[in-house]
There are 2 protein chains.
Amino acid sequence: MAPVIPEDIQKEIEKKGGLRKILNSLPSRKELERKAKIHSALGDPLRLKILCFLGIQSSCVCLLRDIANISYSKLSYHLSILKNSNLIEGKKRGNYVIYSLTPQGMRYYEELCKKE
Amino acid sequence: MAPVIPEDIQKEIEKKGGLRKILNSLPSRKELERKAKIHSALGDPLRLKILCFLGIQSSCVCLLRDIANISYSKLSYHLSILKNSNLIEGKKRGNYVIYSLTPQGMRYYEELCKKE
DNA sequence: AAAGTATTTCAAATTTTTTTGAAGTAATTG
DNA sequence: CAATTACTTCAAAAAAATTTGAAATACTTT
C-alpha cells in the first residue's frame with residue numbers, strides 16, 4: 001500500500017513512466033555502495049589533503065607524515081582507507097613505500113583539488 | 001628538521017619550486033573541511049540513493065520513506081545530513097515537506113547518478 | 001648478524017555516527 | 001476543538017570510525 005502523496009507529485013511521476021520505472025533507473029545497490037565507499041574515503045580533510053598532495057607529487061610515507069604532522073600509525077590508517085577505495089597505491093622501493101594516485105584517484109584529484 | 005626522503009622525490013619537488021610552494025597550492029583547511037563534509041554526506045548508500053531519486057523527482061518525505069523502507073525518524077536523520085551539506089532542501093507545503101536538490105545537489109547528481 | 005630506518009599491524013580506548021522508539025510540532029480534517 | 005497525518009526532535013543505546021602506543025615486519029647499513 002503506497003502512501004498518499006501530493007497530487008502534483010503523483011502526476012509528475014506518472015508523466016515519467018511511473019515510480020517503478022524511476023526506481024529501476026537508479027544506480028544498483030552495488031553501485032551505490034561502491035560510490036558511497038569512495039565518498040566516505042574522501043570525507044575527511046586529512047585524506048583529501050593527502051589526495052591533493054599526491055596529485056602534485058608522489059611521496060614516501062615519511063614526507064606525508066611530516067606534512068600532516070601526525071603519527072605513522074595514524075597516517076597508515078588513513079592511507080589504508082584511501083588505498084582500499086582505490087584512490088591511491090603504494091609501491092615499495094628499498095626501505096620506502098612511495099604512494100601515488102591511481103587513475104581513479106587522479107579523476108577525483110582533478111575534480112576536487114583544482115581550485116573551483 | 002625535514003625527514004630524509006628519497007633523492008628522486010626530493011629533486012622532483014625542487015623542480016616544482018620546493019615543498020613550501022606545493023603546500024601553498026593545496027586547498028585551504030576551510031576548503032578541505034567544506035569538501036570533506038559534502039563527501040561525508042555522500043558517503044552512505046541510502047543518502048546517495050535519495051540524492052539520485054530527488055535528481056529525477058522532487059518528493060515528500062512519505063514517498064522517500066516508502067522507497068527506502070525505513071522509519072521516519074531514521075529518514076529524517078539522513079535528510080538532515082544531506083540538508084546540512086547543502087545538497088537538498090525541504091519546503092513545507094501544507095502537511096507535507098517537499099524535498100528537492102539544491103544547485104549544488106544537482107551538480108553532484110549529474111556527476112554521481114548518471115550511469116558510468 | 002646486529003642495529004637502524006621506514007612503515008604497518010594490532011588491540012584497547014576514545015570519539016563519532018547511526019539507530020531506535022517515544023514524544024513533540026504543525027497543518028488538516030471531521 | 002479533537003483527532004489524524006506528516007514529519008522532526010530528542011535522548012539513550014548500538015555500531016562504526018578513529019586514535020593511541022606498543023609491537024611487528026622488512027629493508028639497509030654497519
Side-chain angles (χ1 to χ4, degrees), chain A residues 1-10 32-33 36-50 54 58-85 87-100, chain B residues 1-10 32-33 36-50 54 58-85 87-100:
Chain A
M1 42 212 89
V4 178
I5 64 177
E7 258 193 52
D8 56 336
I9 291 188
Q10 186 62 260
L32 290 171
E33 275 166 9
K37 187 175 175 186
I38 291 176
H39 285 280
S40 202
L42 296 170
D44 175 282
L46 172 59
R47 293 196 294 258
L48 273 183
K49 187 172 183 177
I50 292 171
L54 292 180
S58 294
S59 167
C60 55
V61 180
C62 52
L63 178 55
L64 294 174
R65 198 209 66 84
D66 199 58
I67 290 169
N69 199 31
I70 57 177
S71 70
Y72 267 109
S73 74
K74 192 170 169 177
L75 179 54
S76 264
Y77 168 72
H78 286 287
L79 290 174
S80 78
I81 300 248
L82 290 167
K83 207 165 32 173
N84 289 335
S85 299
L87 292 164
I88 69 176
E89 64 184 345
K91 287 202 168 108
K92 183 131 210 182
R93 236 184 53 203
N95 223 338
Y96 297 91
V97 176
I98 308 296
Y99 277 94
S100 57
Chain B
M1 41 212 91
V4 177
I5 64 177
E7 257 193 55
D8 56 337
I9 291 188
Q10 187 62 261
L32 291 171
E33 274 166 8
K37 186 174 175 186
I38 292 176
H39 285 280
S40 203
L42 296 170
D44 175 282
L46 172 59
R47 294 196 295 258
L48 273 183
K49 187 172 183 177
I50 292 171
L54 293 180
S58 294
S59 168
C60 55
V61 180
C62 52
L63 177 56
L64 294 175
R65 198 208 67 84
D66 199 58
I67 290 169
N69 198 33
I70 56 177
S71 70
Y72 268 108
S73 74
K74 192 169 169 176
L75 179 54
S76 265
Y77 167 73
H78 286 287
L79 291 174
S80 78
I81 299 251
L82 290 168
K83 207 165 32 173
N84 289 334
S85 299
L87 292 164
I88 69 176
E89 65 185 345
K91 287 202 167 107
K92 182 129 211 185
R93 237 185 51 203
N95 221 339
Y96 297 90
V97 176
I98 309 295
Y99 277 93
S100 56

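Lettering follows sequence order; numbering is per chain, from 1.
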What is the distance from atom CD1 of B:I50 to atom CG of B:L75, rounded to the nearest 0.5 Å?
5.0 Å

Which whole-number value in Å describes the distance from B:K74 NZ to C:dT18 C1'?
8 Å

From D:dT18, C:dT9, D:dT9, pick the nucleotide closest to the side chain of A:Y77?
D:dT18

Identify, between B:L75 and A:D44, the residue whose nearest nucleotide on DNA chain D lies closer to the 5' end.
B:L75

What's the closest nucleotide to the B:S76 side chain, out of C:dT9, D:dC7, C:dA6?
D:dC7

NZ/NE/NH1/NH2 to OD/OE distance under 4.0 Å, A:R93 and B:D8:
yes

If you check every side-chain atom of A:I81, which of C:dT18, C:dG21, D:dT18 has the closest atom?
D:dT18

If I take atom CG in residue B:L82 and atom C1' in nucleotide D:dT8, what distance separates them, rounded to the nearest angstrom?
16 Å

Nearest-0.5 Å distance, CD1 of residue A:I98 to CG of residue A:L64
9.5 Å

Can you tell me if B:D66 uses its side chain to pair, donor with acceptor, with the backbone of B:C62 under 3.5 Å?
no

Closest to the A:K83 side chain, choosing from C:dT8, C:dA22, D:dT20:
C:dT8

Work out how much the helix from C:dA1-D:dT30 to C:dG30-D:dC1 bends between its end axes, five pairs an end, to the nearest 10 degrees.
10°

Where do A:L42 and B:L42 land on the side-chain contact (heavy atoms from CB on, under 4.5 Å) test, with the steps shown first?
CA-CA 9 Å; A:L42 296 170; B:L42 296 170; over 6 Å; no

In whole Å, what is the span from the CD1 atom of B:I70 to the C1' atom of D:dT8?
14 Å

Looking at every heavy atom in both B:S85 and B:K37, which two are closest together, and how far apart are they?
OG-O, 3.6 Å

Nearest-nucleotide comparison on DNA chain D, the residue closer to the 5′ end among B:V97 and A:H78
B:V97

Let's see if you can work this out: which of C:dT7, C:dT18, D:dT18 has an atom nearest to the side-chain heavy atoms of A:R47?
D:dT18

One character per nucleotide, please: for nucleotides 24-30 of chain D, 5' to 3', B when the base has a protein heavy atom closer than 4.0 Å, S when only the sugar-phosphate does, - otherwise.
--BBS--

From CZ (A:R47) to CD1 (A:I88), nearest 0.5 Å:
10.5 Å

Indicate whether OP1 or OP2 belonging to C:dA6 is found under 4.0 Å from a side-chain N or O atom of A:Y99.
no

For the pair made of CG in B:L79 and P in D:dT9, what is the distance, rounded to whole Å?
11 Å

Using the rule given for side-chain contact (heavy atoms from CB on, under 4.5 Å), can you reason through A:H39 versus B:I38, listing the C-alpha separation, both sets of side-chain angles and the distance that settles it, and then say yes or no?
CA-CA 9 Å; A:H39 285 280; B:I38 292 176; over 6 Å; no

How many Å lie between CG on A:N69 and C1' on D:dT19, as a whole number?
15 Å

List the atom of B:C60, the atom of A:I9, and the distance in Å for their closest heavy-atom pair.
N-CD1, 3.9 Å

Over how many whole Å does the gap from A:E33 atom CD to D:dA16 atom P extend?
13 Å

Classify the nucleic acid contact of A:Y96 as base, sugar-phosphate or nothing, counting any heavy atom under 4.0 Å across all strands shown.
sugar-phosphate

What integer distance in Å separates A:D66:CG from C:dT7:C1'?
15 Å

Between B:Y96 and A:V4, what is the shortest heavy-atom contact and its length?
OH-O, 3.2 Å

Expressed as a whole number of angstroms, how long is the span from A:K91:NZ to C:dT8:C1'?
19 Å

